[in-house]
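Proteins come first, then strands; the chains are lettered A, B, ... in the order of their sequence lines, and each starts at number 1.
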Amino acid sequence: TLFRGEISSDMYEDIEEILVQTDMGIDTVMKLVGNIENRLSRSSKKDSAVVVDAIKTELLAMMNQTDNTLRTASSPVPTVIMLVGVNGTGKTTSVAKMANHLLKQKKKVMLAACDTFRGAAIEQLDIWAQRTGTYLVKHQHGADAAAVAYDACQAAIARNVDYLLIDTAGRLHTNKNLMEELKKIKRTVQKLIPEAPHEILITIDAVSGQNALPQVQIFNDQLSLTGMILTKLDGTAKGGIVIKIQHEISLPVKFIGVGEGMDDLLPFSNQEFVNALFE
Amino acid sequence: SLSDKLTKVFRNLRGYGKLSESNIKDALREIKLALLEADVNYKVVKSFIDAVKEKSVGEEVLKSVTPGQQIVKIVHDEMVSLMGNKAEALQLRAKGNRIMIVGLQGSGKTTTAAKLAVHFRKMGHKPHLAALDIQRPAAIDQLVFLGKQNNIPVTFDKNDKKVVSIAKKALEHVKNSDCTVSLFDTAGRLHIDDQLMAELEALKDVIQPHEILFVADAMTGQDAVNSVSQFNERLGISGVILTKLDGDARGGAALSIRATTGCPIRYVGLGEKVSDIELFHPDRMVSRILG
Ligand SMILES: Nc1nc2c(ncn2[C@@H]2O[C@H](COP(=O)(O)OP(=O)(O)OP(=O)(O)O)[C@@H](O)[C@H]2O)c(=O)[nH]1
Ligand SMILES: Nc1nc2c(ncn2[C@@H]2O[C@H](COP(=O)(O)OP(=O)(O)OP(=O)(O)O)[C@@H](O)[C@H]2O)c(=O)[nH]1
Ligand SMILES: [Mg+2]
Ligand SMILES: [Mg+2]
């Protein structure tokens, strides 16, 4: 039990400390505490155990009911999933994990190496392609990322794959040119497969603080994201910022990353996530 | 900005009298909110606010500035004294410098190792890089690529499955060369992974580094104190490098890290190019955190 005895004003300070340290943001916490104080003051129960349940209920409400399942193409075209996000947040590793996840479901998967910029980015994805037994479309280092995407879509259609996963280079949301490059990749994919990309997922590092919100807002503004992947949840960071993001943008978390291996990807559950905030 | 908010708070306080606990209560709350929004750790904010309160209460309200500006100055000065007053660059000796680069996954270690190598060469040193990440796919390729791109020798071995043995090879190469500073890039790892933290301790034993630099992402939130204090406890960190400061993250983790470990922040990463590294300026960081 997190709190003992009668509900007190000290307790609300402890709640604030615990929740703020999950990175959900002081404004979210104050709103939540306000709602709870209101509710509990009208309730006859004075035991502190009631408080944790009240917080969890409130957090779930803040998270908005969002669909955490992966979209699939409605017609016999490959489902295109594009991974975007800030540098080092886990895009390439998440592409590998998703490929593995889909292969286990007996789906035909293809990968596209659209990070043509960073040193050994193509080699990194190539190794994952070999480990998962997936076909990788790649050009040389420094090639046009949109050209790779175009080739990959053509190959995916020709080979009749179920899923095409596109890995992109890390970039800051504040870099206008790099955001334009992503939009170009998206337009290129749309040329060949009009309703693609069916998913544009942003990776958010669980270690991120409040900056994850503008990251998601700007990426979403520019690309219309369909979901998030919350990575590195196997660390001590709680990733509470996704609560704030969901509260503001209603963007679902489709998966969580819980390690560096290809099996370390789990579907996101609002309830499990909220429970984990208190562990 | 914080100073606008504080000016508002003190709108009703006249130009005479003292700053008291009651009239600065709202100001302290504004400061707390601002620091938390800038990602400074909750506990660090608490003790920081206490320090500001102590310095503010009893202060004469000056006639030349508004009470809001007065408090801002107290906050600013308190933060600068925490962060250090000036840049604290790495002090290298003429030769034989050994530097270990450590940190969580994806924070920017490999890129930073190359940046530091080039930076030291500009200062007249002969740098050397050692590829000790044998776990991440193509990590060795990445450092070898950066070495080639910037004409820096790299010790690596794709067939050696023991990082300690590769470290020894690197030390041997450096000994038989005219290199003056060797940088050891390590695999990203979690501070709670006991086996991998023990691996770093074993590497430290073999390398006997003069510097162990913790590379942290500027967008790190509340968790900054957890990771850096574990790394510091087990290894002893001599300095910190804050990366991706070219974004718009406020960088409050810098204050959390400094307050928790006392470790100086040496450099900041300002982009993906090898030249995108600068000395850390505490006063600039303070302005950034205070918005
Ligand atoms: N512990 C842990 N590490 C992860 C997770 N996901 C990725 N990583 C690690 O984080 C580091 C960066 O992962 P990448 O997949 O290269 O990240 P990225 O977003 O593709 O990076 P850039 O392409 O350089 O922007 C690697 O060391 C990964 O092994 C996770 O869920 N848990
Ligand atoms: N914008 C920006 N990107 C950076 C900076 N430093 C590193 N990066 C990028 O961040 C990503 C991760 O960098 P790495 O050097 O691979 O990180 P790492 O800590 O070695 O990763 P692991 O070895 O997997 O733990 C890459 O895309 C880098 O180009 C920086 O200062 N600014
Ligand atoms: Mg990548
Ligand atoms: Mg690395």
Side-chain angles (χ1 to χ4, degrees), chain A residues 13 16-27 29-30 86-93 96 117-128 130-131 141 169-175 203 205-212 214-215 218 231-232 234-241 259-260, chain B residues 32-43 45-46 104-111 114 135-149 187-193 216-227 230 243-244 246-253 271-272:
Chain A
E13 236 198 78
E16 183 182 88
E17 177 166 338
I18 290 171
L19 294 183
V20 167
Q21 292 191 104
T22 68
D23 282 312
M24 68 175 70
I26 183 67
D27 47 350
V29 174
M30 293 195 319
V86 162
N87 307 72
T89 51
K91 296 174 292 299
T92 305
T93 311
F117 167 75
R118 205 204 70 210
I122 299 170
E123 286 82 339
Q124 183 185 7
L125 191 58
D126 208 335
I127 291 174
W128 281 119
Q130 291 168 40
R131 285 187 191 176
H141 181 257
R171 69 204 66 216
L172 293 178
H173 49 295
T174 46
N175 189 317
T203 46
D205 192 326
V207 146
S208 314
Q210 301 307 297
N211 194 247
Q215 281 177 31
I218 293 180
T231 62
K232 309 181 199 173
D234 45 319
T236 50
K238 299 290 187 176
I241 191 65
E260 303 192 65
Chain B
K32 172 185 167 186
L33 296 182
L35 293 181
L36 289 175
E37 279 163 17
D39 285 327
V40 182
N41 180 268
Y42 190 88
K43 295 199 175 84
V45 171
K46 248 191 164 175
L104 300 179
Q105 289 90 345
S107 60
K109 297 174 293 299
T110 304
T111 312
Q135 177 265 341
R136 167 175 151 157
I140 295 175
D141 294 323
Q142 186 184 5
L143 196 64
V144 166
F145 171 86
L146 289 167
K148 278 212 186 81
Q149 188 188 55
R189 68 205 64 214
L190 296 176
H191 49 293
I192 51 172
D193 188 324
D217 195 320
M219 66 175 184
T220 307
Q222 298 288 310
D223 195 59
V225 300
N226 297 330
S227 47
Q230 269 300 301
T243 62
K244 308 177 203 170
D246 44 318
D248 57 358
R250 299 280 291 286
E272 298 193 71

Quiz item: Hey, which of B:Gly271, B:Ala218, B:Gly106 has the most heavy atom pairs under 4.5 Å with chain A?
Solution: B:Gly106

Quiz item: To the nearest 0.5 Å, how far apart are CG in A:Leu19 and CD in B:Gln222?
Solution: 11.5 Å

Exercise. Please round to the nearest 0.5 Å and tell me the distance separating atom NZ of B:Lys244 and atom OG1 of A:Thr174.
Key: 12.5 Å

Quiz item: What are the two closest non-hydrogen atoms of A:Asp23 and B:Gly221, and how far apart are they?
Solution: OD1-CA, 3.5 Å

Quiz prompt | Among the listed options B:Ala253, B:Ala249, B:Ala38, the residue most often paired with chain A at heavy-atom distances under 4.5 Å | solution = B:Ala249

Quiz item: Looking only at heavy atoms, what is the nearest atom pair of B:His191 and A:Thr236, with distance?
Solution: NE2-OG1, 2.9 Å

Quiz prompt | Partner chain B: residue of A:His173, A:Gln215, A:Arg118 with the largest heavy-atom pair count (under 4.5 Å) | solution = A:Arg118

Quiz prompt | Choice from A:Asp205, A:Thr92, A:Asn87 maximising heavy atom contacts with chain B below 4.5 Å | solution = A:Asn87

Practice problem: Return the option, out of B:Asp39, B:Leu36, B:Thr110, B:Ile192, with the maximum number of heavy-atom pairs under 4.5 Å with chain A. | Solution: B:Asp39

Quiz item: If you count heavy-atom pairs under 4.5 Å between each of B:Lys43, B:Lys46, B:Gln105 and chain A, which one has the most?
Solution: B:Gln105

Self-check item: Interface moiety of B:Glu272 toward chain A, non-hydrogen atoms closer than 4.5 Å
Solution: side chain

Quiz item: Is there a donor-acceptor pair under 3.5 Å between the side chain of A:Asn211 and the backbone N or O of B:Arg250?
Solution: no

Quiz item: Hey, does B:Asp217 have a side-chain heavy atom less than 4.5 Å from the side chain of A:Val207?
Solution: no

Self-check item: Closest non-hydrogen atom pair between A:Ile26 and B:Leu33, with its separation
Solution: CG1-CD2, 3.5 Å

Quiz item: Which atoms of B:Ile140 come close to chain A, meaning under 4.5 Å heavy atom to heavy atom: side chain ones, backbone ones, both, or neither?
Solution: neither

Quiz item: chain A heavy atoms under 4.5 Å from B:Asn226: which part of the residue, side chain, backbone, both or neither?
Solution: side chain

Quiz item: With a 4.5 angstrom heavy-atom cut-off, which part of B:Asp193 approaches chain A: side chain, backbone, both or neither?
Solution: neither

Quiz item: Are A:Gln21 and B:Asn41 close enough that some pair of their side-chain heavy atoms sits under 4.5 Å apart?
Solution: yes

Quiz item: Side chain, backbone, both or neither: which part of A:Thr89 has an atom under 4.5 Å from a heavy atom of chain B?
Solution: side chain

Self-check item: Best-contacting candidate, B:Gly247, B:Ser107, B:Ala138, against chain A by heavy atom pairs under 4.5 angstrom
Solution: B:Ala138

Quiz prompt | Student check: side-chain heavy atoms of B:Arg136 and A:Gln124 closer than 4.5 Å | solution = yes

Quiz item: Which heavy atom of A:Glu13 sits nearest a heavy atom of B:Tyr42, and at what distance?
Solution: O-OH, 3.9 Å

Exercise. Side chain from CB out, backbone as N, CA, C, O: work out which of these in A:Gln130 comes under 4.5 Å of a heavy atom of chain B, or both, or neither.
Key: neither

Self-check item: Taking every non-hydrogen atom, the tightest pair across A:Ile127 and B:Pro137
Solution: CG2-CB, 3.8 Å

Quiz item: How many angstroms lie between CG in B:Asp248 and CD1 in A:Ile218, if you round to the nearest 0.5 Å?
Solution: 6.0 Å

Practice problem: Go through A:Glu123, A:Arg131, A:Glu260, A:His141 and name the one with the most non-hydrogen pairs under 4.5 angstrom from chain B. | Solution: A:Glu260

